[in-house]
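See below for the structure under consideration.
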Amino acid sequence: MSNSLLSPTGWIVLGLPWPTETRDGCGECAVAIAPQMIPRTLVSKGAGTALDLAHVLSRDANEGPGKAVFFSDVTLWLDKQDKDWADLGIDYEAVIDELLKAQVPQLYLTLMQKAHAILCDASRDGLRLHYTNGDVEHVTPQLRRDVHYSIAASLERYWPPYIQGLIDRGAFQPSSPGATDT
């Protein structure tokens, strides 16, 4: 079995709506997908483009956020190129919906609400968090990097046993044709 299945070069992390039920301020609110594991024949051209951009960003030491690429990171990267999803002919909401419904390995993540907000933020100037006591916190690039690092560390820990469990149950075939292995 290829080590790239258990330890992929990166993941695209999609934010889900914040759940109505949480525990200790945390909720299941994100999904991670390893772009290199997804046969492009299983997804539309737009979803394939999103996966490819996330894969490239996960490997880019200068522009990339590291192994955990948020969908919002791809949006921000496009913005730096003076482009947006529509310029690529992509309905990003439809792509997110398609990826969430795709029959591919997806690991659900439980995050704190602050990390979830940062994950979903694609604003140019960075998120401002308003607290009930009146305080306002501007999310710094360092805090965003810290959230990337934390999510990547969780994925590096939990992805291998998740994928191995799928393989052991016969729910995932390691030799899926069409998956990219770079």
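Values in this document were obtained by computation on a predicted structure and should not be read as measured data. Quick note: residue numbers are just sequence positions, from 1.
With 3.5 Å as the limit, one finds no donor-acceptor pair spanning the side chains of Ser123 and Asp125. In the model, Arg40 has no side-chain atom that pairs as donor or acceptor with a side-chain atom of Thr49 under 3.5 Å.
Distance CG/Asp79 to CG/Asp84: 8.0 Å, rounded to 0.5 Å. Asp73 contributes atom CG, which lies 12.0 Å from atom CG of Leu53 (distance to the nearest 0.5 angstrom). To the nearest 0.5 Å, atom CD1 of residue Ile33 and atom CG of residue Leu100 are 6.5 Å apart. Taking CG of Leu127 as the start and CG of Leu119 as the end, the distance is 11.0 Å to the nearest 0.5 Å. The line from CZ of Arg145 to OG1 of Thr140 is 7.5 Å long, rounded to the nearest 0.5 Å. Taking CG of Leu6 as the start and CD of Glu156 as the end, the distance is 13.0 Å to the nearest 0.5 Å.
Counting non-hydrogen atoms of neighbouring residues, nucleotides and ligands closer than 6.0 angstrom, the CG atom of Asp24 reaches no more than 12 such neighbours. Atom OH of Tyr162 has more than 12 neighbouring heavy atoms from other residues, nucleotides or ligands inside a 6.0 Å radius. Residue-environment remark: CD (Gln142) exceeds the threshold of 12 foreign heavy atoms within 6.0 Å.
Annotation: Trp85 is in aromatic contact with Phe71 [ring centroid separation under 6.0 Å].
Hydrophobic clustering (side-chain heavy atoms under 4.5 Å, transitive across Ile, Leu, Val, Met, Phe, Trp, Tyr) groups Leu57 together with Ile96. The hydrophobic clustering, which links ILVMFWY residues whose side-chain heavy atoms are closer than 4.5 Å, places Val43 and Tyr92 together. Criterion: ILVMFWY side-chain heavy atoms under 4.5 Å apart, direct or through other members. Under it, Ile12 and Leu76 are not part of a common hydrophobic cluster. Tracing side-chain contacts under 4.5 Å through hydrophobic residues (I, L, V, M, F, W, Y), one never reaches Tyr149 starting from Trp159; they form parts of separate clusters. Note: the hydrophobic cluster containing Val95 does not contain Val56 (ILVMFWY, side chain heavy atoms under 4.5 Å, direct or indirect links).
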Run the side-chain contact (heavy atoms from CB on, under 4.5 Å) check on Thr110 and Tyr108 step by step: do they pass?
-> CA-CA 7 Å; Thr110 300; Tyr108 282 77; over 6 Å; no

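Taking all atoms of both residues into account, the shortest heavy-atom contact from Leu111 to Cys29 is CB-SG, 3.7 Å. The two residues Lys67 and Ser58 make their nearest non-hydrogen contact at O-CB, 4.2 Å. The heavy-atom pair separating Cys26 from Met112 by the smallest distance is SG-CG, 3.6 Å.
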